[in-house]
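Throughout, a chain's letter reflects where its sequence line sits, starting with A, and its residues are numbered from 1.
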Protein chains: 2
Amino acid sequence: MKILVVEDDEGIASFLKQGLEEELFSVELCDNGEDALYLAQINAYDMIVLDLMIKGIQGDAVCQKLREKKLHTPIIVLSAKSTISDKVGLLHLGADDYLTKPFSFEELLARIHVQLRKQNDKEPLLKVADLELNPLTKSVTRSGESITLTAKEYMLLEYLMRHRGAIIEEKSLEEQLFSSEQSINSNMVSVYMYRLRSKIDKNFERKLIKTHRNLGYSLNENAL
Amino acid sequence: MKILVVEDDEGIASFLKQGLEEELFSVELCDNGEDALYLAQINAYDMIVLDLMIKGIQGDAVCQKLREKKLHTPIIVLSAKSTISDKVGLLHLGADDYLTKPFSFEELLARIHVQLRKQNDKEPLLKVADLELNPLTKSVTRSGESITLTAKEYMLLEYLMRHRGAIIEEKSLEEQLFSSEQSINSNMVSVYMYRLRSKIDKNFERKLIKTHRNLGYSLNENAL
DNA sequence: CTTCCACAACTAAAATTTTCATCGTACCCT
DNA sequence: AGGGTACGATGAAAATTTTAGTTGTGGAAG
C-alpha cells in the first residue's frame, strides 16, 4: 500500500512517514502543491494525505485538480482551521475525509483504514475504454465479450484498473500479487503481464496495457 | 480474525461487537469470568478484549489464569479506573495492553492492530512436543529432522501452532488459507490436513493433529 | 551504424493448488 | 447389532502458479 503525504512542516511529515511505515505502508513525502499534483498523477498511490496549507498551489486546489483529472485515489485532508465552511467546501472539492490539527496518529490511521475499505464499495464498475471489470462478481468483459481470468490474473487486472492511468512499478504489482512475502528474483509479474495481455489485448487493435521500460506498467486508454 | 469480547455492560458490548464486525473481525461476546475462561481455552481467538469489572471471576484473575495455562492470545484490558497500580499490576498478570474508559472505538482498534502485529515478533520459535516451527525462517522440524512444506501447508501449520491446544473450526482455517475469498463447497481444508498429517504425523508414533468431528481440528501434545 | 547490455517477452516444464469422485468410519436410529 | 447417513480421508486428475531458460528489443556506447 502506497501513501503520498503532502505536508509542509518537516517535523509532522517525518513523524507521519515513520508512523505509517511502521504500519507497513510505503510512504512518499512531498512539501508543495506542484510536486503533489505531478506525483499523484504519475504514481499509483492508494491514498493521499494532504495538508491544506502548503507551499505553492494550495491543498484545496490540488484536491480539485486531481478530481478534475479523474484521479480516484482517496484523499484525506489535514487542516489547522476547523470552520464549517472549510469542511463542506473540501468534501465538495473531492476530499474523502478531513482531520483538524492537532490530531492523534491513531486517529489518522483509523481514517485511512476507513477510506481504504470504502474504496471497494464505491466504484461498482471499473472501466477503461471498452474493458470493464465488476469487482463484485469478479467478471471481466471487453467489447461486451466475457473474459475468463484466473485468480492471479484477476488480481493483477483489478489493481491495474484501480490505478488506471498511473505508471505502476513492478515492485508494487509484486507486493499486490504476493502479499508481502518476499520472492526476490522472480519474473512472475512479467509472466502474468504476458498472460493478461494475451487475454485482454491480443485480439484487439487498441492495446490498453503499456510497458514503460525501467519504470513499470500502466493501463491506459490514451496513447501515452 | 476471531476476537472474544468480555464485557458486562450490554450497551458497550454490542457497540464493540458491531464496530469490530465492521472491521471484518469475527466477534464473540461473553459477560462473565467463568465463561470467558472456558471460551478462551476452547476456541482459537486471535485476541481477547477483557473488561476488568465483570460478573463472577474478575478480569484480573481471568487474565492471570489464562496465562498460567500457557494461553498466549493477546489480551487487551478495559478498565474504569486509571491508577498506576492498576496498570503495572495488570501487565504483570499477563495483559498486553490496557485502555481506560471512556475510550474511543478507534483507539481500541488501533491497540488491537498493534497487538496483532506484535504477535509475530514475540514468539521466536513455536513448539508443540518435538515439533518446532520458526516463523522467521519459515522452517519446520520434527525430532530435529527438517520437514519441507509448501506455502499453504505452512500457513495451515503456523495457524494451528499459534492456536495450539484450541479446537479450530474448519471455517477459520479456510479463512486463514484463502484470505476471505469465499470458496464454499470445497474440501480443501481436509485435503491440506491430509497432506500436513502425512508430513508431520505419519512417521511418528505420537499424533499431534487431531480431528474433532463436527467441531474442527486441533494441534495438541496431550491425548485430549 | 554496429555492438553490447539490460530488460522485457515468451515458452516450456516443474511444482503447487484445487477440484472431483470415491472410500471409510463414527454416530444415530431402530 | 444392523443399516443409514453425514462427515472426513484419500487418491488422483485438472487447473493454476511458479520457476527457469531462451529469445527478442530498445537504447547507450563506441
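- The side chain of B/S186 places an N or O atom within less than 4.0 Å of a non-bridging phosphate oxygen (OP1 or OP2) of C/dT19.
- At whole-Å resolution of the value, NZ in A/K207 and P in C/dA9 are 13 Å apart.
- Relative to the side chain of A/Y194, the nucleotides D/dA9, D/dG11, C/dT11 differ in distance, and C/dT11 lies closest.
- Distance, B/Y154 OH to D/dT18 P: 17 Å, rounded to whole Å.
- Residue B/Y217 places its side chain closer to D/dA9 than to any other of D/dG11, D/dA9, D/dA20.
- Counting only N and O atoms by type, the side chains of B/D46 and B/H163 include a donor and acceptor under 3.5 Å apart.
- Ion pair B/E22/A/R117 not flagged as a salt bridge, since none of the NZ, NE, NH1 or NH2 atoms sits closer than 4.0 Å to an Asp/Glu carboxylate oxygen.
- In the set C/dA8, C/dT18, D/dC7, D/dC7 carries the atom at the smallest distance from any side-chain atom of B/N214.
- Using a 4.0 Å heavy-atom criterion, one finds that B/S190 contacts the bases of the nucleic acid, with or without backbone contacts as well.
- Here D/dG8 presents its P atom at 15 Å from NZ of B/K171, a figure rounded to the nearest Å.
- For the pair A/M193 and B/L177, nearest-nucleotide mapping onto DNA chain C gives the more 5' position to A/M193.
- A straight line from NZ of A/K210 to P of D/dT25 spans 19 Å, rounded to a whole angstrom.
- Taking for each of A/R213 and A/K152 the nucleotide of DNA chain D with the nearest heavy atom, the 5'-most of the two is the partner of A/K152.
- Remark: B/Y38 OH is loosely packed, at most 12 non-hydrogen atoms of other residues, nucleotides or ligands lying under 6.0 Å away.
- With rounding to whole Å, A/L149 atom CG is found 16 Å from D/dA15 atom P.
- For the pair A/V191 and A/T148, both in contact range of DNA chain D, the more 5′-proximal nearest nucleotide belongs to A/T148.
- For a distance-only test at 3.5 Å, the side chain of B/R195 qualifies as a donor-acceptor partner of the base of C/dT18.
- The base of D/dG21 is paired with the side chain of A/N187 by a donor and an acceptor separated by under 3.5 Å.
- Using modelled atom types and a 3.5 Å distance limit, the side chains of B/N134 and B/S139 yield no donor-acceptor pair.
- Ion pair A/R67/A/D96 flagged as a salt bridge, since at least one NZ, NE, NH1 or NH2 atom sits closer than 4.0 Å to an Asp/Glu carboxylate oxygen.
- Within the 4.0 Å cut-off from OP1 or OP2 of C/dA15, not a single side-chain nitrogen or oxygen of B/T150 is found.
- We find that CE of A/M188 is positioned 17 Å from P of D/dT16, with the value rounded to whole Å.
- Remark: P of C/dA8 and CG of A/L173 are 12 Å apart, rounded to the nearest angstrom.
- Rounding to whole angstrom units, CD of residue B/E153 and C1' of C/dA15 are separated by 11 Å.
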